[in-house]
Asks: 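Attaching a single structure in structure tokens format; questions to follow.
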Amino acid sequence: MGTESPNKVAAETPDLNAERLAELRRLFPEAFTEGKLDVEKLRAALGEGVESRAERYSFTWAGKRDAIRLLQMPSRATLVPCREESVAFDTTNHVFIEGDNLEVLKLLYKSYAGRVKMIYIDPPYNTGNDFVYRDHYADPLDAYLRLTGQKDENGNHTSSKTETNGRYHSAWLSMMFPRLFVARQLLAEDGILFVSIDDIEQPRLRMLLDEVFGEEQFIAAFIWKSRHNVDSRDKTGVSSDHEYVVCYGQRVQGKEKDLGKYTNPDNDPRGPWMSDNMLGLATKDKRPNLHYDLINPETNINYGCPEKGWRFDKRTMARKIEEKRIIWPASPDGRPRHKKFLNELESRFTGFSSLLDVPTTSAGTQALRAIFGTEVFEFPKPVELVKALVKQGNGEDAIYLDFFAGVCPLAQAILEQNRNDGVSRRFIVVQLPEPTPKDSVARNMGFQTVADIGKERIRRVIAKVQQERDESLPLNGNAEDLGFRVFKLAESNFRQWKAVEEHDFETWMRQMELFVDPLLPDTAVESAIFEIA
């Protein structure tokens, strides 16, 4: 009996750039020389598909190269389970991750690439008054650990100097680019992305998403009325009462049609139907075949011809009459209509309006007040807005991701919408442990970070949904997932090899002895298992 070698555990996340090069090698093997990509050979292989003019359209900004370099840098972090902050840890599929979202997205890549049905994010708007993620290109994990107090503080701060940094478009684009790029790899082929934004960065967000997703993936820039009361403070005299939700992907599902209109008062064996209009849309000179007198063959009542004719030509109308699909009014002055059967619907969805009919931001504030009894966070997104978007990515057991989770409206939307329609959706939400302001309501309630507020919100929503479930019958026989696992970004549980400068036997031996046990001291077994898995 032979011995089996153990599988090697990767110490870092996959190299996204290496995977892209491997795909290029598969498609264009002739473009590689001695293992390296030869750009000129690739250009020749693509022929006319390559732009060769000196002046061409491009989108760039100061710091773009650093942003690309940060994107290509593998992560050596891990996600540590935190049972004491979770609910139903062993049985739930919902996940809350506390940590820098770029590092987390890289960690999620291997397990979730191509699996996420919908991403909704509400990133910093770059107004000069909000939190701006500050990436460190030399060692992003080390910077994060210092930022959150997991290592000695060394001059890093969580919030930027808003007056000097907050409105720099380049800084904002450099922050967003790598996160959106990795997020795109997580989306399923039919997945969709929604990004909340306002007027300040909406134009640049569109250009950035065109670059990451391709402009052909743009679906719509939805508009919703975010402000309830007019703002008279702006120097321009304009009250900016709206925000955008920019959408990229293949297509949205659409708005559900009102099937309540379909009934069967005459017990028609073909099933429920609704009375549908038969009036035409064209004048006689444009569509003469649709202009004729319509006569009931049983009563000989002539209903004449409308100004724009009928929807169907004579031959089609005769067939509908024979099939008893025409609803005849008793009076010649009435308009005949036809039966439209439910089982003949090609789709149960109609177009999803680009004007979102959802509550304003004040509704989001009221929802949080109902949960916490006070205002613990400013300008939260209304849950009904997120629910409207969630339904556009509908799918049983589908995964929904928010990596700028804030106080977690997506988690609440998923839990409540699952309860409403009996569908099993799963959420993954990621939030940086951004400190709450000193002397704020949240800090006085014991919430040290925004992540703490989000976790507590999920717990309280779960308790509320649990109570509703206990007071009612199960929906569709499905067992509801009323829990969530908490993970926190941390250093790998495995020792990282470090070269030694002294090239002597004793120094090398001491270094090698450290790696007899590959795990760091005090590593929990469960944490190591999760990292390997």
Side-chain angles (χ1 to χ4, degrees), residues 9-10 12-20 22-23 26 71 74-75 77-79 81 86 89-122 178-195 209 212-214 217 219 247-253 386-387 389-405 408 410-411 413-415 417-418 421 423-431 458 478-481 483-487 489 529-533:
V9 178
E12 296 178 337
T13 55
D15 185 339
L16 294 177
N17 201 45
E19 293 189 3
R20 296 162 75 195
E23 184 64 13
R26 184 183 69 81
L71 163 67
S75 175
T78 189
L79 299 177
S86 307
F89 186 94
D90 291 321
T91 57
T92 183
N93 285 313
H94 300 311
V95 176
F96 179 102
I97 303 174
E98 181 178 301
D100 174 76
N101 52 13
L102 180 55
E103 292 290 297
V104 171
L105 287 170
K106 291 179 180 179
L107 292 171
L108 294 178
Y109 172 76
K110 187 173 181 180
S111 297
Y112 290 95
R115 294 182 57 198
V116 175
K117 184 73 171 180
M118 192 199 92
I119 295 175
Y120 168 73
I121 56 172
D122 180 21
R179 290 163 172 83
L180 289 171
F181 189 96
V182 184
R184 177 179 175 271
Q185 315 309 313
L186 301 181
L187 270 181
E189 196 170 316
D190 62 345
I192 49 178
L193 167 79
F194 291 104
V195 185
L209 290 172
V212 174
F213 283 80
Q217 294 287 300
I219 294 177
C247 180
Y248 277 69
Q250 296 291 333
R251 59 169 289 134
V252 296
Q253 183 167 253
V386 186
K387 282 183 182 178
L389 303 178
V390 160
K391 288 188 282 188
Q392 295 310 303
N394 248 348
E396 187 70 30
D397 207 33
I399 299 172
Y400 295 73
L401 170 66
D402 181 357
F403 52 91
F404 285 100
C408 300
L410 177 71
I414 293 290
L415 290 166
Q417 194 59 38
N418 284 355
D421 56 24
V423 174
S424 296
R425 304 174 184 86
R426 302 162 58 185
F427 67 74
I428 302 174
V429 292
V430 184
Q431 175 56 34
I458 299 173
N478 292 340
E480 292 177 79
D481 185 347
F484 71 111
R485 295 178 177 184
V486 174
F487 293 87
L489 187 71
I529 291 173
F530 268 104
E531 180 168 358
I532 294 171

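Numbers here are sequence positions counted from 1.
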Asks: Step by step, work out the salt bridge (charged side-chain N to carboxylate O under 4.0 Å, His left out) result for Lys117 and Asp397.
Replies: CA-CA 10 Å; Lys117 184 73 171 180; Asp397 207 33; over 6 Å; no
Asks: CD of Glu23: more than 12 outside heavy atoms within 6.0 angstrom?
Replies: yes
Asks: Would you say the side-chain atoms of Gln185 pair up with the backbone N or O of Phe181, donor to acceptor, closer than 3.5 Å?
Replies: yes
Asks: For Phe404 and Gln431, which heavy atoms make the closest approach, and how far apart are they?
Replies: C-OE1, 4.0 Å
Asks: Going by heavy atoms in the side chains, are Val390 and Tyr400 under 4.5 Å from each other?
Replies: yes
Asks: Does the pair Arg179/Asp100 count as a salt bridge with the N-to-O cut at 4.0 Å?
Replies: yes
Asks: Could you check if a side-chain atom of Tyr112 sits within less than 4.5 angstrom of a side-chain atom of Ile399, using non-hydrogen atoms only?
Replies: yes
Asks: Please examine the side chains of Leu489 and Leu107, heavy atoms only from C-beta on, and report whether any two atoms are closer than 4.5 Å.
Replies: yes
Asks: So do Ile192 and Ile219 actually touch side chain to side chain, heavy atoms under 4.5 Å?
Replies: yes
Asks: When rounded to the nearest 0.5 angstrom, what distance separates SG in Cys247 from OH in Tyr120?
Replies: 12.5 Å
Asks: Taking the side chain as every heavy atom from C-beta outward, state whether Phe403 and Ile119 have any pair of such atoms under 4.5 Å apart.
Replies: yes
Asks: Please give me the minimum heavy-atom distance between Asn418 and Arg425, naming the atom from each residue.
Replies: OD1-NH1, 2.9 Å
Asks: Is Thr92 reaching over with its side chain to a backbone N or O of Gly483, donor-acceptor style, under 3.5 angstrom?
Replies: yes
Asks: Tell me the closest heavy-atom pair linking Ser86 and Phe484, and the distance in Å.
Replies: CB-O, 3.2 Å
Asks: Would you say that His94 contacts Leu415 through its side chain, given a criterion of any heavy-atom pair below 4.5 Å between the two side chains?
Replies: yes
Asks: Run the side chain to side chain contact (heavy atoms under 4.5 Å, CB included) test on Val182 and Leu71 for me, step by step, so that the C-alpha distance in whole Å, both residues' side-chain angles and the decisive distance to 0.1 Å come before the verdict.
Replies: CA-CA 8 Å; Val182 184; Leu71 163 67; 3.5 Å; yes
Asks: Taking all non-hydrogen atoms of both residues into account, name the closest pair between Ile458 and Val429 and its distance.
Replies: CD1-CG2, 4.4 Å
Asks: Report yes if the side chains of Lys391 and Gln417 come closer than 4.5 Å at any heavy-atom pair, otherwise no.
Replies: yes
Asks: If I take atom CG from residue Leu180 and atom CG from residue Leu193, how far apart are they, to the nearest 0.5 angstrom?
Replies: 6.5 Å
Asks: Within the distance-only criterion (no hydrogens, no angle test), does the side chain of Arg184 pair as donor or acceptor with the backbone N or O of Val212 below 3.5 angstrom?
Replies: yes
Asks: CD1 of Ile414 to CZ of Phe427: how many Å apart, nearest 0.5 Å?
Replies: 8.0 Å
Asks: Compare every heavy atom of Leu105 with every heavy atom of Leu401, then report the nearest pair and how far apart it is.
Replies: CD2-CD2, 4.1 Å
Asks: Roughly how far, to the nearest 0.5 Å, is the CZ atom of Arg485 from the OG1 atom of Thr91?
Replies: 8.0 Å
Asks: Starting at CG of Asn93, measure out to OG of Ser424 and round the result to the nearest 0.5 Å.
Replies: 9.0 Å
Asks: What's the verdict on side chain to side chain contact (heavy atoms under 4.5 Å, CB included) for Asp122 and Asp402, showing C-alpha distance, side-chain angles and the deciding distance?
Replies: CA-CA 8 Å; Asp122 180 21; Asp402 181 357; 5.7 Å; no
Asks: Are Val95 and Val486 packed together at the side-chain level, in the sense that at least one heavy-atom pair is separated by less than 4.5 angstrom?
Replies: no
Asks: Distance-only, no hydrogens or angles: does the Gln392 side chain make a donor-acceptor pair with backbone N or O of Gln253 under 3.5 Å?
Replies: yes
Asks: Any idea which heavy atoms bring Ala398 and Gly393 closest together, and the distance?
Replies: CB-O, 4.3 Å
Asks: Can you confirm whether more than 12 heavy atoms, excluding those of Arg115, are under 6.0 Å from its CZ atom?
Replies: yes
